[in-house]
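All values reported here derive from a predicted model rather than from experimental measurement. Hydrogens, waters and symmetry mates are skipped; everything else that's a heavy atom, side chains included, is used.
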There are 2 protein chains.
Amino acid sequence: MSATTIRDVARYAGVGVGTVSRVLNDSPDVSVTTRSKVLSAIEALDYTPNPIARRLSLGKTLTIAVIAPFFTRPSVVERLRGIEHVIAESEYDLIVFNVETSSRRDAYFHSVLRRERVDGVIIISLLPRDNDVDRLKQAGTSVVFVDVSHPQFSQVIVDDVEGGRQATRHLISLGHRKIGFLSDYEDSSFYFTANRDRFTGYCQELEAANIALRPEFSAHGVHSRSSAYEMAKRLLGVDDRPTAIFATSDTLAIGVLEAAQQVGLDVPKDLSVIGYDDIEIAEYLRLTTIRQSLFESGVEGVKLLLEEMESMPGAPAQILLPTELVRRDTTAPPSARSAPRIFWKSR
Amino acid sequence: MSATTIRDVARYAGVGVGTVSRVLNDSPDVSVTTRSKVLSAIEALDYTPNPIARRLSLGKTLTIAVIAPFFTRPSVVERLRGIEHVIAESEYDLIVFNVETSSRRDAYFHSVLRRERVDGVIIISLLPRDNDVDRLKQAGTSVVFVDVSHPQFSQVIVDDVEGGRQATRHLISLGHRKIGFLSDYEDSSFYFTANRDRFTGYCQELEAANIALRPEFSAHGVHSRSSAYEMAKRLLGVDDRPTAIFATSDTLAIGVLEAAQQVGLDVPKDLSVIGYDDIEIAEYLRLTTIRQSLFESGVEGVKLLLEEMESMPGAPAQILLPTELVRRDTTAPPSARSAPRIFWKSR
DNA sequence: CTGTTAGCGCATTCAC
DNA sequence: GTGAATGCGCTAACAG
């Protein structure tokens, strides 16, 4: 009930508060006997140090924040899982900020990134604006980005250019030459670098295979299944439509699958689809995709952050995680004859 | 940089710290002129009050915790979204604890639920043990459960007995008489009440329709798609197998769909499948399910918690959210040969 | 080794 | 209305 304090323990054990504090922070210089006396007092009183007071005295918040678009991206949740996994073992609390709009993002960037607020923050899939950059640099709180590439900050990323190439190369090796590209990188207020890089990879492979880039084969919109659904229907509606589509996330890919079904196209016979991330549901859907280590990206992110919180380093670090093609059942060679006509069925 | 404190502001504005504090907490009794003086000082110094110090002084942690098995249950993430949505508008921080094992759960129940640590906690889908109950009751921190029914605590739940009945009734009304039941409530260290209640509803409807309960038609295991997959294969392997399966979560239902596909059963022609929750992917899979308001359960949970933190109430409150049958494409009448059509009047 | 004391930054009395 | 003083619970520095 009434909070028992360090003073109560001291009195009960017949020692000074300093001593109690010492055993709490297991300082080496305290005799075995008094230590055990204090320990049993703590036990008897069921005492737990007040973390708030501890933090104030320490001048540290002992908390780490993560800012991310959690709920629009299943992949982010998996990264969060990795983060939580590591933080649970530490003395830090994990506080979460969900971003669904760019105004919310700006607000969080402004308010969260203050030394008084948290000791460190992990930002997932959100690129800072130029005027955020300065504030971040001099904020005094350590920051590491996950799934974002920025020259000035520490980050854990995958080589998204390479990922984009892997996906595109897979499609090309299957025999496709009309390859659509679907992403959400148009939303420049968020501006995920990942999408831009994957697009670059896409272009590179196309060029390497001597395939002309066809602008009408790529579409960019917001990140949601339904948005992808609409975009895909548009892509599939053009004359001489793509025989394969590379979507920059599994969520988008699912929207493509829906559109294909809607439009009466068999996957993979009439249309190949490849996603990105390998979120859990991808396996169930037998979706071919580019896997990246989501959980691990969270783990590595926190580890890096904790390190940098210890010793503010000069240069930003970069951890590059691997990316891997996972072949499943949504990609196949294009059908021998030219693309079948589309029959618009009502749902 | 060097943290600017309330004292700096006071000096800059030429007033006392008390006054600054007053305007910060917009106390009514402070003259307009000094107020603006202070305000501009705050502006000029880019001052933000140190939340830690504030908390210590206030004697409140200004943080709310949520303990839940987030990553094994997509539905929990959606509830979390509702929680975050409300908390973002408040002055509270949200800290998260993920539970994947029962030992982790016990640890969190023990350490998190202390007044020094948080002002309130939301526990999702985790039932306290008997010896937790006492501690919770006298912990001094407000607690509300979401998706857990317990006589002694405030909670926001759905009527899971009714939900179980709705699902079963739907199947029966379609003509099914051999109905399997799949859940994860065997895991008694977590012991989700929801599953037990849904099973009760299942039994009630069976009885109302004069269908004998067949123990070999129900299976219980851990909560995962692959576990459901195995269980379903077992269920479908028995002689005179079920023509329909009610799974107590969409995740489990997906495992059932996989098993059906594996075994060569067409859904819904050869086998009807109904889930529970209506998580996002359910719509894509065209899964018939029992929808519950996940997001809203989070919203209501926090609201209730915030209320109770204001005024420790005597009796536990209970908020009952609705449950709704969502008919999609995984349920249909059993194929003519195997089951005679019966007439059963829906209530 | 151990008790005592001075802050940590803020909210909140209490006088003026 | 407003400034000064006290305390929130803990850590760390300083004597002893």
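Among the heavy atoms of the strands lying under 4.0 Å from A:L56 is at least one base atom, whether or not backbone atoms are also near.
Here D:dG3 presents its C1' atom at 12 Å from NZ of B:K37, a figure rounded to the nearest Å. Here the P atom of nucleotide D:dT2 and the CZ atom of B:R35 are 10 Å apart, to the nearest Å. Per the geometry, CD1 belonging to A:I52 stands 14 Å off P belonging to C:dA11, to the nearest Å. In this structure, A:I6 places its CD1 atom 14 Å from C1' of C:dT5, rounding to the nearest Å. To the nearest angstrom, C1' of C:dC8 lies 13 Å from CG of A:N50. Atom-to-atom, CD of A:E116 to P of C:dG9 comes out at 10 Å; the value is rounded to the nearest Å. A straight line from CZ of B:R11 to P of D:dG3 spans 14 Å, rounded to a whole angstrom. For B:K60 and C:dC10, the NZ to P distance is 18 Å, given to the nearest whole Å.
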Worked check of salt bridge (charged side-chain N to carboxylate O under 4.0 Å, His left out) between A:D132 and A:K137
CA-CA 9 Å; A:D132 289 326; A:K137 295 309 287 182; over 6 Å; no
Can you list the steps and then say if A:R81 with B:E100 is a salt bridge (charged side-chain N to carboxylate O under 4.0 Å, His left out)?
CA-CA 10 Å; A:R81 180 160 168 258; B:E100 295 192 4; 2.7 Å; yes
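Between the side chains of B:T61 and B:E116, no donor N or O sits under 3.5 Å from an acceptor N or O. Counting only N and O atoms by type, the side chains of A:R54 and A:N25 include a donor and acceptor under 3.5 Å apart.
Judged by the 6.0 Å and 45° rule, A:R73 forms no cation-pi pair with A:F70.
Between B:R129 and B:D106 a salt bridge is recorded (basic side-chain N to carboxylate O distance below 4.0 Å).
Proximity of B:R7 to the phosphate of C:dC8: a side-chain N or O atom is located under 4.0 Å from OP1 or OP2. Within the structure, a side-chain polar atom (N or O) of A:R54 is placed less than 4.0 Å from OP1 or OP2 of D:dT11. A:T34 has no side-chain polar atom (N or O) that falls below the 4.0 Å cut-off from OP1 or OP2 of C:dC1.
Using the six-membered ring where Trp is involved, A:F145 and A:H150 have ring planes that are parallel, under 30° apart on the 30 and 60° scheme.
In the region residues 15-32 of chain A, proximity to DNA chain D at under 4.0 angstrom, judged on heavy atoms, holds for A:G18, A:S21, A:R22, A:N25.
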